[in-house]
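Below you'll find the structure, written out as C-alpha cells, and then a few comments.
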Number of protein chains: 2
Amino acid sequence: MEHLPSWLLNQNAAYAGRLVSEGFSAAGARGYHYRVLTSLDTEGPTTQANLGRRTGIYPSDMVATINDLQANGYVMRSMDKTDKRRYLVTITPTGRKRAKELTKTVASIQDSLLEPLDETEREELTRLLVKLHKHHKQGIPPLPSM
Amino acid sequence: MEHLPSWLLNQNAAYAGRLVSEGFSAAGARGYHYRVLTSLDTEGPTTQANLGRRTGIYPSDMVATINDLQANGYVMRSMDKTDKRRYLVTITPTGRKRAKELTKTVASIQDSLLEPLDETEREELTRLLVKLHKHHKQGIPPLPSM
DNA sequence: CGTAAACGTTAGGCCCACTAACGTTAGGGC
DNA sequence: GCCCTAACGTTAGTGGGCCTAACGTTTACG
C-alpha cells in the first residue's frame with residue numbers, strides 16, 4: 001500500500017489539505033472561497049455557472065460560497081440585464097485584498113509542503129502532477145447543469 | 001492555482017479517489033475497508049488501536065470499519081487475555097480472498113491513473129511522493145488516544 | 001411556437017478526517 | 001499497595017469537499 005500511487009496521492013493530499021485548511025480556517029476561510037476569489041481576481045468577473053466551470057465547484061456549492069463571500073463584502077452579485085437567469089459576480093476591492101492575503105497564505109504553505117524536496121525535485125513533481133491532471137481533465141464530468 | 005503543488009495534489013487525489021471509490025463501491029467496499037484488510041493480510045493480526053496506527057485511521061472510525069468487516073465475515077474480534085482493554089483483530093480466509101479482490105481492483109486503477117506517464121515517470125512520481133510522505137509522517141499527529 | 005437546455009437555488013447524501021467525552025483496564029512512581 | 005496517568009474501545013458529532021436530484025424561471029433552438 002505504501003507504494004501505491006493512488007494511496008500516496010491521497011496521503012500527501014490529506015497532509016497538504018491539513019496545512020491549507022489550518023491556514024485558511026485561521027483566516028476564517030475555506031478552499032472554495034480561495035478558489036473563487038482568485039478566479040475572479042485573475043480571470044475577471046463572470047456568472048456563477050461560469051465560475052463553477054473555472055474552479056470545478058458544483059453550482060449547488062457555488063451558491064453557498066458566493067453567499068459567504070458576499071456577506072463578507074468580498075464579492076458582489078449584480079443581475080445580467082440581457083439574461084435574467086444569470087447573476088454577474090464581481091470582486092470588490094476588499095475581495096482583492098483578501099485574495100492576495102489568501103494567496104500569500106497558500107504560497108507559504110507550499111514551502112513547508114515541499115520542504116523535503118530540492119528545487120529540481122519540486123519542478124519535476126509539479127511537472128508530473130500537471131501532466132497527470134491535464135490528461136485526466138477531459139475524463140472529468142463537465143459539471144452537470146452548468 | 002493550476003501550478004500550486006497543493007492544488008495539483010488535491011485535484012489528482014480527487015481524481016484517483018473517484019476511480020478508486022467507483023471500483024470499491026461497485027464491490028460494496030470503502031477505502032477504510034481496503035486499508036484495514038490489506039494491513040491485516042500483509043502485516044498480521046493486531047489490536048484495533050495498532051491497526052489504526054498502521055493505516056492512519058482514527059480509533060473512532062476504526063470501530064465502524066471493523067464492525068462492517070466483521071459483519072461480512074472478513075475479520076474476527078477476539079479478546080486479548082493478557083489485556084482486557086484490547087481486542088485482537090484477525091483476518092479470516094474469506095477476508096483474505098476479499099483483500100486480494102480489492103487489491104486487484106486497486107492495481108488496475110493505478111494503471112488508468114498513471115496512463116499518461118511512461119515507466120520512468122511513474123517511478124519518479126512514486127519516488128517523490130514517497131519522499132514527501134516519509135518526511136511528513138513525523139509531523140502528523142500521532143492519532144490521539146491510540 | 002414549443003420543447004429542450006441553461007441558470008440559480010434548495011435539499012440531501014457520501015466519504016474521509018478529526019474532536020470530545022466516557023467507562024474500563026493497565027502501568028509507573030512513590 | 002495506591003493513585004494518577006495513560007491507553008483501549010466506543011459513541012456521538014462536526015465539517016469540508018464532492019456529488020445527485022429536483023424545481024421554477026428564463027432563454028435558445030429546431
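Within every chain, numbering begins at 1; the chains are lettered A, B, ... in the order of the sequence lines, protein sequences first and strands thereafter. The structure presented is a predicted model; accordingly, all values stated were derived computationally and were not measured.
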Quiz prompt | Separation of atom CZ in A/R86 from atom C1' in C/dT9, rounded to whole Å | solution = 16 Å

Quiz item: How close or far is atom C1' of D/dC19 from atom CG of B/L19, stated in whole angstroms?
Solution: 15 Å

Quiz item: A/T47 near the nucleic acid: base, sugar-phosphate alone, or nothing, with a heavy-atom cut-off under 4.0 Å?
Solution: sugar-phosphate

Practice problem: For C/dC16, take OP1 and OP2 only and decide whether either is under 4.0 Å from a side-chain N or O of B/R18. | Solution: no

Self-check item: Test applied, side chain to side chain donor-acceptor pair (under 3.5 Å); reference residue, A/H33; option that passes from A/D68, A/T65, A/N72
Solution: A/D68

Quiz item: In terms of the nearest nucleotide of DNA chain D, which residue is placed more toward the 5' end: A/D83 or A/F24?
Solution: A/F24

Exercise. Would you kindly give the CG-to-C1' distance between A/D61 and D/dA21, to the nearest whole Å?
Key: 14 Å

Quiz item: Quick one: B/K81 NZ to D/dC8 P, roughly how many Å, whole number?
Solution: 20 Å

Exercise. Step through the shown structure and confirm whether more than 12 heavy atoms of other residues, nucleotides or ligands are within 6.0 Å of OH on A/Y32.
Key: yes

Quiz item: Where the side chain of B/S60 is defined as all heavy atoms beyond and including C-beta, which of D/dA12, C/dT10, D/dT10 is the nearest nucleotide?
Solution: D/dA12

Quiz item: Within the modelled atom types, does a donor on one side and an acceptor on the other bring the side chain of B/R85 and the base of C/dA26 under 3.5 Å apart?
Solution: no

Quiz item: OH of B/Y32 versus C1' of C/dA17: gap in Å, rounded?
Solution: 5 Å

Practice problem: Tell me what A/G31 touches on the nucleic acid: a base, only sugar-phosphate, or nothing, going by heavy atoms under 4.0 Å. | Solution: sugar-phosphate

Quiz item: Is there a side-chain polar atom (N or O) of A/Y58 under 4.0 Å from OP1 or OP2 of D/dC18?
Solution: no

Quiz item: When you match A/N67 and A/A14 each to their closest nucleotide on DNA chain C, which lands nearer the 5' end?
Solution: A/N67

Quiz item: Counting just side-chain N and O atoms, does B/R77 come under 4.0 Å of either OP1 or OP2 of D/dC8?
Solution: no

Quiz item: Which atoms form the tightest heavy-atom contact between B/P45 and B/L40, and what is the distance?
Solution: CA-CD2, 4.0 Å

Practice problem: Rounded to the nearest angstrom, tell me the gap between atom CD1 in A/I66 and atom P in C/dC7. | Solution: 14 Å

Quiz item: Less than 4.0 Å between a side-chain N and a carboxylate O, is that true for B/E124 and B/R127?
Solution: yes

Quiz prompt | Length of the line joining A/R30:CZ and D/dC18:C1', which is rounded to integer Å | solution = 13 Å

Quiz item: Looking at A/Q48, does any N or O in its side chain come under 4.0 Å of the phosphate oxygens OP1/OP2 on C/dA6?
Solution: no

Exercise. List the steps, then state whether side chain to side chain contact (heavy atoms under 4.5 Å, CB included) holds for A/L37 with A/V75.
Key: CA-CA 8 Å; A/L37 277 182; A/V75 129; 4.3 Å; yes

Quiz prompt | Gap between atoms CD1 and C1', on A/I57 and C/dG8 respectively (whole Å) | solution = 15 Å

